[in-house]
2 protein chains.
Amino acid sequence: MADQTNGRSPRAQQIVETARALLEEEGVGALTMRRLADRLGIKAPSLYKHFPDKRAVEVALISLLFEELAEALEAAEAAEADSSGARDPLTELFAAYRTYALAHPHLYRLSTEGPLPREALPEGLEERAAMPLVRVCDGSEHLSRAVWAFAHGMVALEIHGRFPPGADLDKAWRTGLAAFSG
Amino acid sequence: MADQTNGRSPRAQQIVETARALLEEEGVGALTMRRLADRLGIKAPSLYKHFPDKRAVEVALISLLFEELAEALEAAEAAEADSSGARDPLTELFAAYRTYALAHPHLYRLSTEGPLPREALPEGLEERAAMPLVRVCDGSEHLSRAVWAFAHGMVALEIHGRFPPGADLDKAWRTGLAAFSG
DNA sequence: GTCTATACCCGGATAGAC
DNA sequence: GTCTATCCGGGTATAGAC
């Protein structure tokens, strides 16, 4: 349970939370400085006392996703370990990844469909989010990248409604699971 | 080699081609009615004599991608068949998918990161683009969806520079190939 | 089929007063 | 830290003349 405030002031923290709610409820297109200020009951120019520009707010949101996704995957990892082999580790990680992404589709899209602000991200966060998958792949980079691509592809296509209506996606996930486990 | 004009006038066809060039050279953000008109040497309002709105231009571009992707995959399929088993069919399809997507990243993004205009797309086109993959999966819907998700995930992560700099992505593709072939 | 002119709305961001 | 006022730019789209 890492600290997600990153040394921001309480007010700045509140702005990020509000931005998140705005994003998740109304999508990327609704995330504007004016709309954000409206929700906070202030005027847009006031936001610039807390963040240098809009991008800084977005970076804070992206960091939030990485943080939470890392926690969700680490929790799935721990739950599997506790069960002493009664569950399959990759199954748990897939479920955690899918559940998190589909619960926050707009945040996932923001983090995934734009440039990744590697320099602005907290040190080591990106790697931390990737580690559970790398561990379950026994450290194989190539395998973990392929597995990650599958999970991201499933989630992205699902979020954008790309599969035929009524498609049994649980089965598709299990098919991928079997392919990468076997 | 299907007709991609869809009964559009030569002028409308020229507009689509210009829109495509604009998109591919400068990205989605540059695809505006003003910029498009500039390239054509006309004024933005004139575009509305040929297309009802901007979305119609985008739909034409998305149709173009489906058409070309279908052709690329069908060509890979045919090439494999001609080789009498000397090549692996899924390998060929993956290569064709990846090559096409990376050659047209902005068009791929436009077609993939927004709502899919199913009703406005030419009849049967979406299915046609999917069929080569379904055929190589021996008609298994679940497997073909999983394979598609992997390919889309790889391409999407690659386009957005999500993999670590210097990562050997050929190996990741081959790992996915092995998983789904084995 | 193209033009000019324009309406309308939205965005990010800054200056300077309080 | 918030405000008002404002700049500047951009977008989609329409009306009406030629």
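Here is the naming used below: chain letters follow the sequence lines, and residue numbers restart at 1 for every chain.
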_B/L36 CG - D/dG11 C1' separation (whole Å)_ = 14 Å
*Partner set under salt bridge (Lys or Arg N to Asp or Glu O under 4.0 Å) for B/E26, not counting sequence neighbours*: B/R35, B/R39
*Check step by step if salt bridge (charged side-chain N to carboxylate O under 4.0 Å, His left out) holds for B/R128 and B/E67.*
CA-CA 9 Å; B/R128 188 188 144 208; B/E67 191 85 40; 3.0 Å; yes
_A side-chain contact here means heavy atoms from C-beta on lying under 4.5 Å apart; do B/V136 and B/M131 qualify?_
no
_B/S46, nearest nucleotide to its side chain (from C/dG11, D/dT2, C/dT2)_ = C/dT2
*Residues from residues 21-31 of chain B lying under 4.0 Å of DNA chain D - heavy atoms*: none
*Report yes or no: is there a donor-acceptor pair, N or O only, under 3.5 Å between the side chain of A/R34 and the base of C/dG12?*
yes
_Side chains of B/H50 and B/R8 in contact at under 4.5 Å (non-hydrogen atoms)_ = no
*side chain to side chain donor-acceptor pair (under 3.5 Å) contacts in which one or both residues fall within residues 139-151 of chain B, not counting sequence neighbours*: B/Y97-B/W148
Donor-acceptor pairs under 3.5 angstrom involving side-chain atoms of residues 173-182 of chain B: please list them, not counting sequence neighbours.
from, atom 1, to, atom 2, distance (Å)
B/T175, OG1, B/K171, O, 2.8
B/S181, OG, B/L177, O, 2.7

_Testing B/E126, B/E127, B/E123 one by one against B/R118 for a salt bridge (Lys or Arg N to Asp or Glu O under 4.0 Å), which residue passes?_
B/E126
*Below 4.5 Å, heavy atoms only, C-beta onward: do B/L73 and B/L133 meet side chain to side chain?*
no
_Contact list please: residues 37-44 of chain B against DNA chain D, heavy atoms, distance less than 4.0 Å, in numerical order._
none
*asked:* Between the side chains of B/E17 and B/R20, is the shortest nitrogen-to-carboxylate-oxygen separation below 4.0 Å, so that they form an ion pair?
replied: no
*What is the distance from CE of B/M33 to C1' of C/dC9, rounded to the nearest Å?*
17 Å
Please enumerate all protein N or O atoms sitting under 3.5 Å from an N or O of nucleotides 15-18 of chain C, with distances to 0.1 Å.
none

*asked:* Rounding to an integer number of Å, can you tell me how far A/R55 CZ sits from C/dG11 P?
replied: 18 Å
_Residue pair A/L65 / A/L110, side-chain heavy-atom distance below 4.5 Å_ = no
*Among C/dG1, D/dT14, D/dT2, the one nearest B/Y48 by side-chain distance*: D/dT14
_I want to check something: taking the side chain as every heavy atom from C-beta on, are B/H104 and B/T99 in contact at a cut-off of under 4.5 Å?_
no
_What contact category does A/R11 fall into here, base, sugar-phosphate, or nothing, at under 4.0 angstrom with non-hydrogen atoms?_
sugar-phosphate
_Given C/dG11, D/dA13, C/dA13, the nucleotide with the shortest approach to the side chain of B/D53_ = D/dA13
